2 protein chains.
Amino acid sequence: MTISEENYIKVIYHLSLVSPKGVNTNAIAGMLDTKASSVTDMLKKLSDKELVSYQKYQGVTLTESGFQSAKMIVRKHRLWEVFLVEKLNFAWDEVHEIAEELEHIKSEALINKLDEFLEFPDFDPHGDPIPNANGEIKKVNKLLLSEAALNTEYKCVGVKDSSSDFLKYLDKQKIALGSKIKVKEKESFDDTLLVEIDSRELTLSNKIANNLYVK
Amino acid sequence: MTISEENYIKVIYHLSLVSPKGVNTNAIAGMLDTKASSVTDMLKKLSDKELVSYQKYQGVTLTESGFQSAKMIVRKHRLWEVFLVEKLNFAWDEVHEIAEELEHIKSEALINKLDEFLEFPDFDPHGDPIPNANGEIKKVNKLLLSEAALNTEYKCVGVKDSSSDFLKYLDKQKIALGSKIKVKEKESFDDTLLVEIDSRELTLSNKIANNLYVK
DNA sequence: ATAAATTTTTAGACAAAACTAAAAATAATA
DNA sequence: TATTATTTTTAGTTTTGTCTAAAAATTTAT
């Protein structure tokens, strides 16, 4: 697989978690910052390689083989992110772009040795699960903070939006993965939350609450 | 710079250490396993970018900018090799191919943090010097074992040939970088050496002695 | 249900990096 | 020096992945 093919497979994987019945050409083009016509071309190629099943105008889904490939790319991406944060002391908002490059390094031995070196982490720095060498993914029943029950203690376990802006906001508010969090009040007008985090009180907008996973 | 351009620059760098007055098209083609005509095409492009100075039929040399770029690629390659051996426990004959890929990862921050994580190593696992962030390279007055004086204690500090075959041979003979070595006899007929390594006696062919650096 | 809007595909073109085959320049040899 | 031999370059293709513009299919709206 070329880097370009890998990028398409990865994007189709992520999009099919949201639209499992078929991913649209335009959606792929949007994610890859390319044109729909380029996507069509690539879908034909991926289809020839039996990585996706594709019928004109009907959207695309991953084949079993494409699905496994996608998970291996995601595995690499997330393991490298752990390495960058845990070993090289990058901040969690700095690692995505670098991991986008590292995820295309070919060696299987490399990624398995890296996994071992990192002591087989289950989650990346943003709380996303890391597929193991067999492609198995640990399921976690997390929910969005916006869906959390009142006066119940939760733990922050992940972010939905992992943009630098959002992550820096969390840093500024000293909200990290692992922080204890309890919703004390919910404003019915705009769903603003009054929360207690590690025994500090904070007001969080609905937008924030919609992008923070708790358990 | 594209990966292909980087590979050309790196090869020209290595070849110009041997032929500093100009590197031949065919020599580059040989190293990159490509055709002379492809090399000519690329030399024009690199010349346009002022990474090399190139006159038709006269061979090619790196410009100052090309030279700095080359050293940064070599720096990345060798730092990744240290990482693979020291941290991921790869054998020294397994790391070259993987580092060939890793050397093209773009981030400056990454390589400097990696350097720090590895505690600023001066040499890679084969004894080759690692340029620092400014492109400066530690000089070492090493010599080939074949040129070593009799009955003088040396230390193995590098290999000239870093093929897997040669490195595995050294492993088998328990010769590693850092091993103490003394030439006790030199057979005048074929230059075979009788050496003492870490208090074991060994017979080494001239070919071996011509590919092992000592100090 | 037909028209309008949107999405997707086709057709044709382009740039990068490789190739082959042939021509031109340089180097080696008689 | 003239002739070979070798090296290097040019000219013309190919492949990969992209693009634009236009056509076709699908979806939405009147």
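Protein chains get the first letters and strands the later ones, always in sequence-line order, with residue 1 at the start of each. A quick note: this is a predicted structure, and the numbers were derived from the prediction, not measured.
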J.: Please work out if A:Ser4 contacts a base, only the sugar-phosphate, or nothing of the nucleic acid, heavy-atom cut-off 4.0 Å.
T.: sugar-phosphate
J.: Quick check on contacts: within residues 96-106 of chain A, what sits under 4.0 Å from DNA chain C by heavy-atom distance?
T.: none
J.: Charged N to carboxylate O below 4.0 Å: is that the case for A:Lys10 and A:Glu100?
T.: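 Counted as a salt bridge, because a side-chain N and a carboxylate O are separated by less than 4.0 Å.
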J.: Checking B:Ser16 side chain against B:Tyr13 main chain: does a donor-acceptor pair fall under 3.5 Å?
T.: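 Side chain of B:Ser16 to backbone of B:Tyr13, a donor-acceptor pair under 3.5 Å: yes, one is there.
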J.: Look at A:Asn24 and C:dT8 and indicate whether a side-chain polar atom (N or O) is within less than 4.0 Å of OP1 or OP2.
T.: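 For A:Asn24, the contact criterion (side-chain N or O under 4.0 Å from OP1 or OP2 of C:dT8) is met.
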J.: Tabulated below should be each protein N or O lying under 3.5 Å from an N or O of nucleotides 19-22 of chain C; please produce it.
T.:
from	atom 1	to	atom 2	distance (Å)
C:dC19	OP2	B:Thr34	OG1	2.6
C:dC19	OP2	B:Lys35	N	3.1
C:dC19	OP2	B:Ser38	OG	2.5
C:dC19	N4	B:Asp41	OD2	3.4
C:dT20	OP2	B:Lys35	NZ	3.0
C:dT20	O4	B:Ser37	OG	3.0

J.: Contacts to DNA chain C from residues 13-21 of chain B, heavy-atom cutoff under 4.0 Å, which residues?
T.: none
J.: Hey, does the Lys NZ or Arg CZ of B:Lys113 hover above the aromatic six-ring of A:Phe90, less than 6.0 Å from the centre and inside 45° of the axis?
T.: yes
J.: Counting distance only, does the side-chain N/O of B:Glu101 pair as donor-acceptor with the main-chain N or O of B:Ile98 below 3.5 Å?
T.: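 Pair absent, no side-chain N/O of B:Glu101 close to backbone of B:Ile98.
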J.: In plain terms, say whether A:Lys71 and A:Glu136 are close enough for a salt bridge, that is, a side-chain N and a carboxylate O under 4.0 Å apart.
T.: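 No salt bridge links A:Lys71 with A:Glu136.
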J.: Please test B:Glu97 against A:Lys106 for salt bridge (charged side-chain N to carboxylate O under 4.0 Å, His left out), starting from the C-alpha separation and ending with a verdict.
T.: CA-CA 10 Å; B:Glu97 285 70 28; A:Lys106 292 277 170 313; over 6 Å; no
J.: Please check this pair: side chain of B:Arg75 against backbone of B:Gly135, looking for a donor-acceptor N/O pair closer than 3.5 Å.
T.: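 Not at all, since once roles are kept as given, no pair shorter than 3.5 Å links the two residues.
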J.: Any carboxylate oxygen within less than 4.0 angstrom of a Lys/Arg side-chain nitrogen, looking at A:Glu103 and A:Arg78?
T.: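 Looking at A:Glu103 and A:Arg78, the cut-off is not met.
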J.: Can you give the donor-acceptor pairs under 3.5 Å from side chains of residues 50-59 of chain A to other protein atoms, not counting sequence neighbours?
T.:
from	atom 1	to	atom 2	distance (Å)
A:Ser53	OG	A:Thr61	OG1	3.0

J.: Pairs in or reaching into residues 94-122 of chain B: which pass ring-ring contact (aromatic ring centres under 6.0 Å, His included), with residues at least two apart or in two chains?
T.: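 Residue pairs passing ring-ring contact (aromatic ring centres under 6.0 Å, His included), neighbours aside: B:His77-B:His96.
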J.: Report the nucleotide, chosen from D:dT9, C:dA18, C:dT10, that has the shortest atom-to-atom distance to any side-chain atom of B:Tyr8.
T.: C:dA18
J.: I need the residues from residues 50-59 of chain B with at least one non-hydrogen atom less than 4.0 Å from DNA chain D; give them sorted by number, or say none.
T.: B:Tyr54, B:Lys56, B:Tyr57
J.: Enter the distance from B:Ile105:CD1 to A:Trp80:CH2 here, rounded to the nearest 0.5 Å.
T.: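 CH2 of A:Trp80 is found 8.0 Å from CD1 of B:Ile105.
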